[in-house]
Amino acid sequence: MPRPAQSLCGHLLVLTFALTALGTGSGAASAPLASVASTTTAPRPVPERELSPPFESDKKAPFCTAYTGPHQQQIERYLGLRADGRQSVADCRAVQKFQQSRRITPSIGYAGPVTYATTVLLRAQASADPRNACPKRAATVVCVDLTRQLLWAERGGRTVFTARPVRSGAKGYSTRTGWFRISWRHQDHWSTLYRSRMPYAQFFSGGQAFHAHDGSVYAPPGSHGCVNMRPADAKALWKQTRVGTSVYVFGRKPGT
């Protein structure tokens, strides 16, 4: 089975792959995509850690912060609060309740980037592509929205894999945009370049791949070009795709 000379996120490799063979690392045959059940049910919340406001990082929860967060107005709007962009006791309690329901800690009502990203994810799980930015095809397409840092899959214009959060390339290591196909897969991959695990690796553009990430997908600044996923999400995507599955990457990651 042809494979990358070395695992490399964010750099171009010269690769030759057989697109009709399953790249599982074992040479096993692939079931047709039509026989794979869709994964349209949103996964349960997983624990995520929010930033703490200045001067409160050592303060122990539970308490309600008086600090206005960087995404105050967006979160107020999502929660149906008065969207004035200024923290109040009522705002804090509402944000705190939301954080607790989504397992975001510390649950102190701070409108930080992780809490905001969670609201973006929830909107996308209700309607992944309201602007039809990802082209519709009869076959499965894995859609990667760099702007919102989200991934989902569609088939015939219907969502078959609900939106999940991802972590794409950092500044200087941008994840490439455009049309691609999954060219090789390895369930227990190891990066020889970065000496790190890449479980459920699915390469789609040179050394850039979808793969499980042991840390938080919300942690800055980003990857070396790969599309990092939470372990359970990477495993679920693996079951929905095969060598030859189309991938469409679009948008631009904020700050890159």
Side-chain angles (χ1 to χ4, degrees), residues 9 42-126 145-151 163-175 194 196-197 199 211-234 251-256:
C9 289
R44 293 181 178 180
V46 300
E48 292 289 354
R49 187 153 187 88
E50 181 60 275
L51 297 178
S52 293
F55 313 114
E56 290 187 335
S57 58
D58 296 330
K59 195 173 179 180
K60 292 185 178 180
F63 66 93
C64 218
T65 183
Y67 283 91
T68 294
H71 298 282
Q72 188 75 36
Q73 192 169 47
Q74 296 101 315
I75 295 173
E76 288 171 344
R77 189 175 294 114
Y78 178 84
L79 295 177
L81 305 170
R82 181 184 177 188
D84 59 5
R86 294 177 293 182
Q87 180 76 308
S88 68
V89 173
D91 291 341
C92 182
R93 287 175 179 168
V95 176
Q96 189 176 50
K97 183 177 180 180
F98 174 78
Q99 290 171 331
Q100 290 168 345
S101 72
R102 303 306 302 181
R103 303 179 68 186
I104 300 171
T105 58
S107 300
I108 59 174
Y110 185 63
V114 174
T115 303
Y116 172 63
T118 302
T119 67
V120 173
L121 172 65
L122 292 175
R123 287 187 187 278
Q125 288 177 343
D145 183 342
L146 299 180
T147 304
R148 294 186 294 166
Q149 293 290 282
L150 296 174
L151 174 152
R164 313 296 169 95
V166 297
R167 178 176 181 258
S168 66
K171 187 174 183 179
Y173 298 94
S174 296
T175 303
Y194 296 109
S196 62
R197 297 172 61 249
H211 67 82
H213 176 61
D214 291 329
S216 173
V217 294
Y218 298 119
S223 72
H224 287 92
C226 284
V227 177
N228 295 162
M229 303 182 71
R230 297 184 298 201
D233 294 342
R252 182 173 181 176
K253 182 176 182 176
T256 63

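Worth saying up front: this structure is predicted, and the values here are computed from it rather than measured. Computed over heavy atoms, backbone and side chain alike; hydrogens, waters and symmetry mates excluded. One is the number of the first residue; the rest follow in order along the sequence.
Every residue was checked against the ring-ring contact (aromatic ring centres under 6.0 Å, His included) condition with Tyr218, not counting sequence neighbours, and none meets it. Partners of Gln96 under the side-chain hydrogen bond (donor to acceptor under 3.5 Å, both in side chains) rule, at least two apart in sequence or in another chain, do not exist in this structure. Listed by chain and number, the residues in a ring-ring contact (aromatic ring centres under 6.0 Å, His included) with His213 amount to none (sequence neighbours excluded). Judged as a side-chain contact (heavy atoms from CB on, under 4.5 Å), and not counting sequence neighbours, the contacts of Ser196 are Ser191, Tyr194. Shown here are the side-chain contact (heavy atoms from CB on, under 4.5 Å) partners of Ala234, two or more places apart in sequence or in another chain: Tyr200, Ala212, Met229.
Scanning all heavy atoms of the two residues, the minimum distance from Gln125 to Ala163 falls at NE2-O, 3.1 Å. For the pair Thr147 and Gly251, the tightest heavy-atom approach, listed with the atom from each and the gap, is OG1-CA, 3.4 Å.
Residue pairs meeting the side chain to side chain donor-acceptor pair (under 3.5 Å) criterion with at least one partner in residues 100-113, sequence neighbours excluded, are absent. The stretch residues 54-113 participates, sequence neighbours left out, in these disulfide (SG to SG under 2.5 Å) pairs: Cys64-Cys92. Evaluation of the salt bridge (Lys or Arg N to Asp or Glu O under 4.0 Å) test over residues 44-70, restricted to residues two or more places apart or in two chains, returns Glu48-Arg230. For residues 211-227, every residue pair satisfying the salt bridge (Lys or Arg N to Asp or Glu O under 4.0 Å) rule, not counting sequence neighbours, is listed here: Arg197-Asp214.
Between Pro231 and Pro199, the closest side-chain pair of non-hydrogen atoms is not below 4.5 Å. You'll find the side chain of Ser174 stays beyond 4.5 Å of the side chain of Lys253, heavy atoms only. A 4.5 Å side-chain heavy-atom check between Val114 and Leu51 finds every atom pair outside the cut-off. Between Pro106 and Thr65 there is no side-chain heavy-atom pair separated by less than 4.5 Å. Under the 4.5 Å side-chain criterion, counting only non-hydrogen atoms from C-beta, Val227 is not in contact with Arg167.
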Can you give me every donor-acceptor pair (side chain of residues 74-85, partner residue at least two apart or in another chain, under 3.5 Å) with its distance?
unit_1 : atom_1 : unit_2 : atom_2 : d
Glu76  : OE1    : Asp84  : N      : 3.1
Glu76  : OE1    : Gly85  : N      : 2.8
Glu76  : OE2    : Gln72  : NE2    : 3.2
Asp84  : OD1    : Arg86  : N      : 3.0

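Judged purely by atom type and a 3.5 angstrom limit, Gln99 uses its side chain to pair as donor or acceptor with the backbone of Gly109. Using modelled atom types, no side-chain atom of Thr256 and backbone atom of Ala170 make a donor-acceptor pair closer than 3.5 Å.
Between the CG atom of Asp233 and the CG atom of Leu151 there is a distance of 8.5 Å, given to the nearest 0.5 Å. Interatomic distance, CD1 of Ile104 versus CZ of Phe98, reported as 5.5 Å (0.5 Å rounding).
Below 30°, between 30° and 60°, or above 60°: for His71 and Tyr116 the angle between ring planes is below 30°, a parallel geometry.
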